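Working notes, beginning with the structure itself.
Atom set for the values below is all heavy atoms of this structure, side chains included, hydrogens, waters and symmetry mates excluded. This structure is a prediction, so every number in the text was calculated from the model and none was measured.
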Amino acid sequence: MHALSAAQIIDIYQTHGSMVYAGETISHLAHAWQCGQLAYFAEASPELQLACWLHDLGQVIHSLEGRSTPCGQDDHHEEVGAALIEHLWGPAVAEPVRLHVQAKRYLVTRHPNYLTKLSDESRRSLDLQGGLMSPAACLAFECSPHHKSSLLLRVWDEQAKHREWFALSRRDALDQLRDLMKSL
Ligand SMILES: [Fe+2]
Ligand SMILES: [Fe+2]
């Protein structure tokens, strides 16, 4: 898939946002909205809020194409998602998206107790995504100017899987996303 426009991204969440997030118990739209809300209430920058909203866009695309990690492969959804949005909002939005899987690997490597915060699906996909990081990989991750944003995103990502949290109608949630996109 080629780079997307903002309108196409809204359309994807409007049309397919109710798909269940693979291996979890909530929809893609609910997960995206919750992650964005956690960033909003933490007073994250608009760029990081949007990254939180869109961090699993690549997974939505893969689900549409019938390819996702439950098939036993790493879908590299973080790379797919970042590549689809980088031309629209630049690295401040795309890089935390690109790094959010590495951020999980980093957190589990540096803080083994972090493993207990992962959902079953997130724990299962960890191995497919490379598992624990080597010391050199940890260092390379820390050298990225966006690694701190990706760590924040990752912590909210873990928390954004509550079925009862999706309080808005789909239309209101998409209006929030549209307004955030326009603000950048
Ligand atoms: Fe993800
Ligand atoms: Fe996620």
Side-chain angles (χ1 to χ4, degrees), residues 1-4 9 12 19-28 30-32 34-36 38-39 44 47-87 89-162:
M1 182 169 287
H2 301 297
L4 296 171
I9 294 170
I12 285 169
M19 276 191 313
V20 173
Y21 179 14
E24 306 287 356
T25 56
I26 60 167
S27 70
H28 273 291
H31 179 56
Q34 287 174 21
C35 200
L38 288 163
E47 288 85 356
L48 183 52
Q49 289 179 44
L50 187 56
C52 287
W53 259 99
L54 302 180
H55 73 278
D56 280 333
L57 176 63
Q59 205 170 50
V60 178
I61 300 295
H62 277 310
S63 294
L64 292 177
E65 295 173 347
R67 290 183 287 125
S68 52
T69 50
C71 302
Q73 60 188 22
D74 182 8
D75 59 11
H76 299 286
H77 69 277
E78 69 280 16
E79 296 285 349
V80 172
L84 290 171
I85 63 173
E86 189 159 23
H87 71 292
W89 299 292
V93 177
E95 285 307 303
V97 171
R98 192 188 311 281
L99 291 173
H100 83 274
V101 170
Q102 282 192 54
K104 175 174 71 172
R105 296 177 59 206
Y106 178 87
L107 284 164
V108 172
T109 303
R110 285 284 198 244
H111 311 282
N113 199 38
Y114 191 81
L115 198 60
T116 64
K117 300 186 187 307
L118 302 183
S119 66
D120 290 345
E121 172 58 20
S122 196
R123 247 196 312 268
R124 190 196 63 76
S125 61
L126 177 65
D127 288 337
L128 291 172
Q129 292 160 338
L132 298 182
M133 277 180 163
S134 67
C138 284
L139 201 57
F141 175 76
E142 289 164 356
C143 286
S144 164
H146 300 282
H147 82 279
K148 287 185 178 165
S149 292
S150 75
L151 291 172
L152 289 169
L153 188 160
R154 188 70 224 187
V155 170
W156 294 322
D157 182 7
E158 248 61 83
Q159 296 170 358
K161 298 176 180 177
H162 291 262

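- Distance check, rounded to the nearest 0.5 Å: CG of Leu153 to SG of Cys52 gives 4.0 Å.
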From CA spacing to verdict: side-chain contact (heavy atoms from CB on, under 4.5 Å), Val97, Leu57: CA-CA 9 Å; Val97 171; Leu57 176 63; over 6 Å; no

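- Under the 3.5 Å distance criterion, with hydrogens and angles disregarded, no donor-acceptor pair is assigned to the side chains of Tyr21 and Glu121.
- Between Pro91 and His146 the shortest side-chain heavy-atom distance falls below 4.5 Å.
- Note that CZ of Arg124 and CG of Leu118 are 12.5 Å apart. Values are rounded to the nearest 0.5 Å.
- Here the shortest heavy-atom pairing between Ala44 and Gln49 reads O-NE2, 3.0 Å.
- Considering all non-hydrogen atoms of both residues, Gly36 and Trp53 come closest at CA-CD1, 3.8 Å.
- A donor-acceptor pair under 3.5 Å links the side-chain atoms of Thr109 to the main chain of Met133, judged by distance alone.
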Derivation and outcome, side-chain contact (heavy atoms from CB on, under 4.5 Å), residues Leu64 and Met19: CA-CA 9 Å; Leu64 292 177; Met19 276 191 313; 3.9 Å; yes

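- Glu142 has a carboxylate O that lies under 4.0 Å from a charged side-chain N of Arg110, or vice versa, which qualifies the two as a salt bridge.
- Within the model, atoms CD of Glu158 and SG of Cys35 stand 9.5 Å from one another, a figure rounded to the nearest 0.5 Å.
- Judged by distance alone, the side chain of His111 and the main-chain N or O of Val108 form no donor-acceptor pair under 3.5 Å.
- Taking the side chain as every heavy atom from C-beta outward, His28 and Ser63 approach each other to under 4.5 Å.
- No hydrogens or angles considered: a donor-acceptor pair under 3.5 Å links the side chains of His55 and His31.
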Worked verdict on Leu48 versus Trp156 for side-chain contact (heavy atoms from CB on, under 4.5 Å): CA-CA 11 Å; Leu48 183 52; Trp156 294 322; 3.9 Å; yes

Chi angles and distances behind the side-chain contact (heavy atoms from CB on, under 4.5 Å) call for Tyr106, Cys138: CA-CA 6 Å; Tyr106 178 87; Cys138 284; 4.0 Å; yes

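- Side-chain contact annotation: Asp75 with His77, donor-acceptor N/O pair under 3.5 Å present.
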Working for side-chain hydrogen bond (donor to acceptor under 3.5 Å, both in side chains), residues Ser122 and Arg154: CA-CA 11 Å; Ser122 196; Arg154 188 70 224 187; 3.2 Å; yes

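- Checked by atom type, the side-chain pair Lys104/Gln129 shows a donor-acceptor distance below 3.5 Å.
- Across all their heavy atoms, Val93 and Ala51 have their closest contact at O-CB, 3.5 Å.
- One finds the CG atom of Leu152 at 12.0 Å from the CG atom of Asp157 (value rounded to the nearest 0.5 Å).
- For the atom pair Asn113 CG and Leu107 CG, the distance stands at 11.5 Å (nearest 0.5 Å).
- Take Glu95 and apply the salt bridge (charged side-chain N to carboxylate O under 4.0 Å, His left out) test, not counting sequence neighbours, and it matches Arg98.
- Formation of a donor-acceptor pair under 3.5 Å by the Gln34 side chain with backbone atoms of Lys161 is found in this model.
- With His87 contributing its side chain and Leu4 its backbone, the two residues share a donor-acceptor pair below 3.5 Å.
- Side-chain contact between Val20 and Ile26 is absent, with no heavy atoms from C-beta onward closer than 4.5 Å.
- Expressed to the nearest 0.5 Å, how far CG of Asp56 lies from NE2 of His62 amounts to 11.0 Å.
- No donor-acceptor pair under 3.5 Å is formed between the side chain of Arg105 and the backbone N or O of Leu126.
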